[in-house]
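This is a predicted model, so every value here is computed, not measured.
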Amino acid sequence: MAGYISIKNLQKYYGTFHALKGIDLEIAQGEVVCVIGPSGSGKSTLIRCINRLEPFSNDSAITVDGVPVVPGRSLAKVRAEVGMVFQNFNLFPHLTVRENIMLAPRRVRGTPRAEAQGLADRLLARVGLSEQGDKYPSGLSGGQQQRVAIARALAMEPQVLLFDEPTSALDPEMVGEVLDVMRDLARTGVTMVVVTHEMGFARQVADRVIFMDGGAVVEAAPPETLFSAPVEQRTRNFLHAVLDH
Amino acid sequence: MDLFETFLNFDVLARTWPMLVKGLWLTLKLGVASILAGLVLGLILCLTRLYAIAPLRWLTRAYIDIFRSIPLLVLLIVVYYALPFVGVRLSAFVSAMAALTLVSGAYTAEIFRAGIEAVPKGQFEASAALGLNHRQTMTDVILPQSIRVVIPPLTNNSINVIKDTALASVVAMPDLLKQATQAQALTANPTPLIGAAAIYLAFLLPAVLLVSRLERRMNRGQV
């Protein structure tokens, strides 16, 4: 059965480097999937292909809610449905926090200004930043900026949220506040694909954990299985390296 | 011989002042018109060079390289003295403005390109991920951020354009320099030339100082 996000034979080359070696993956609606693995294993590349920030070869196929992720009209449709949160936040520095959130609804959906403003304020309240709407991103801490970035992604009311190492650029004391927001989101039924090094988060929140290495999916299982009884030796080695310290 | 009498003769300056003011007015008109037209041309060239289909990109690139290489004086003389042979007869003002704009546009295009390329890749990616199309990405996200980066080099280029307007005196346009040389001939005294030089300085020196200040602020990352 095809999933809400369906990835078939995903191949990705950077020049001659084979970054993704034929990934097949079906993700159900409302599922929370965490992707773990060593750096350079292709996990970021994988989720960047889902909204085609990375182009991929033509014999690969990705669909989101049945819509093929190919350039043109259908890609615009996919991107309006798929929100993304980046490692480095990528907030727009010349816009206030509120304007950051309002921009896409206003431009892409044509939402009237007053309505977009109301939406932005509701979302800011939801990520615990009601008072910060008039500030510029540079006036916020890293954790606050990442929560604004999540609010900005939510403003398009996406069916899918992609998280590309959302806590990797944060000071340790700010990781928790971002993970809390993500934990709340996971309960709302939105489909989430999270590339992360936070094994605790993956264990608690994920419906399924995917371990990648060398551009391939090595093992995919519910977290209780993957963390306590991994089948593959490579998974065991990785978990041993990241957990037993 | 009295140096003051020769080079700073107030009597001569007072008599020729109206000529100089007339010339200054024309110089400023030519300069400002060419700067504005060059900005528009430069933005179009830059966006074509970065985002158009490949053949157009190559053509723009060739244009930019050629017009940054050709001496302005040569271009001006070609426009004013050579084009009439193929039936294109332009006034001195239009010839000068065309030459200045064609060259300024090429430099401006490179300045804009540097400004756009200075915006981090993540800004393009965040815009794309939100579903903004290319035009929205440029107008709402990229260009507003580029503006801050390009203001010092654009000011610099504008200074150059104003300075280069003096070349228009070669095609007999009565700009500040031309008026000054004529006043000198009329009065048999070089004071009007010194006056013209002082007027150029009065306009351009503050602009040069402004650019250095902007650049220092940029380098401190305070913009």
Side-chain angles (χ1 to χ4, degrees), chain A residues 44 47-55 69 71-95 99-110 136-138 145-146 148-158 160-164 169, chain B residues 39 42-43 46-48 50-57 108 111-155 214-223:
Chain A
S44 284
I47 72 160
R48 287 164 58 84
C49 286
I50 295 175
N51 61 356
R52 215 177 167 106
L53 285 187
E54 298 290 347
V69 184
R73 235 164 238 264
S74 69
L75 180 59
K77 214 170 142 193
V78 167
R79 283 179 172 171
E81 296 298 325
V82 177
M84 187 162 204
V85 176
F86 299 87
Q87 180 174 354
N88 295 312
F89 330 134
N90 292 345
L91 293 177
F92 305 133
H94 61 299
L95 299 178
E99 290 166 342
N100 262 276
I101 300 171
M102 291 165 62
L103 181 64
R106 293 206 64 208
R107 292 288 182 267
V108 181
R109 296 229 199 278
Y136 283 89
S138 57
Q145 288 191 48
Q146 194 58 300
V148 172
I150 293 173
R152 181 177 70 175
L154 289 174
M156 290 297 284
E157 288 158 350
V160 177
L161 277 173
L162 307 174
F163 291 86
D164 188 4
Chain B
L39 282 175
L43 186 59
C46 160
L47 294 176
T48 311
L50 286 175
Y51 303 117
I53 51 167
L56 278 180
R57 283 205 310 266
T108 308
I111 293 171
F112 280 135
R113 184 168 69 94
I116 288 171
E117 287 175 349
V119 176
K121 202 165 138 251
Q123 296 288 307
F124 289 89
E125 292 184 344
S127 308
L130 284 168
L132 298 179
N133 64 31
H134 182 74
R135 193 182 52 74
Q136 293 163 335
T137 301
M138 293 313 287
T139 53
D140 290 321
V141 179
I142 306 304
L143 292 179
Q145 295 185 58
S146 308
I147 294 288
R148 301 178 320 172
V149 185
V150 301
I151 279 177
L154 275 186
T155 315
L214 286 175
E215 279 171 349
R216 250 179 295 139
R217 261 178 53 180
M218 289 277 301
N219 289 341
R220 287 208 304 265
Q222 288 187 353
V223 176

Check your understanding: What residue in A:Arg152, A:Glu81, A:Met156, A:Arg109 has the most heavy-atom pairs under 4.5 Å with chain B?
Key -> A:Arg152
Review point. Is a side-chain donor or acceptor of B:Gln123 paired with a backbone partner of A:Leu91 at a separation under 3.5 angstrom?
Key: yes
Point to revise | Taking every non-hydrogen atom, the tightest pair across A:Val108 and B:Gly131 | key: CG2-O, 3.5 Å
Exercise for review: Output yes when a side-chain donor or acceptor of B:Gln145 lies under 3.5 Å from a complementary backbone atom of A:Pro93, and no otherwise.
Suggested key: no
**Study point:** Residue pair A:Leu103 / B:Asp140, side-chain heavy-atom distance below 4.5 Å
**Key:** yes
Review point. For the candidates A:Ala104, A:Gly83, A:Ala76, which exhibits the highest count of non-hydrogen atom pairs separated by less than 4.5 Å from chain B?
Key: A:Ala104
**Study point:** A:Asn88, part contacting chain B, at a heavy-atom distance under 4.5 Å
**Key:** neither
Review point. Which heavy-atom pair separates A:Asn90 from B:Ala126 by the least distance, and what is that distance?
Key: O-CB, 3.6 Å
Exercise for review: Could you have a look at A:Arg107, A:Met84, A:Arg52, A:Lys77 and say which one has the most heavy-atom pairs with chain B under 4.5 angstrom?
Suggested key: A:Arg107
Study note, to complete from the structure: Rounded to the nearest 0.5 angstrom, the NE2-OG distance for A:His94 and B:Ser146 is 9.5 Å
Check your understanding: Is there a side-chain contact between B:Leu130 and A:Arg79 (heavy atoms, below 4.5 Å)?
Key -> no
Point to revise | Heavy-atom side-chain proximity of B:Ser127 to A:Phe92 below 4.5 angstrom | key: yes
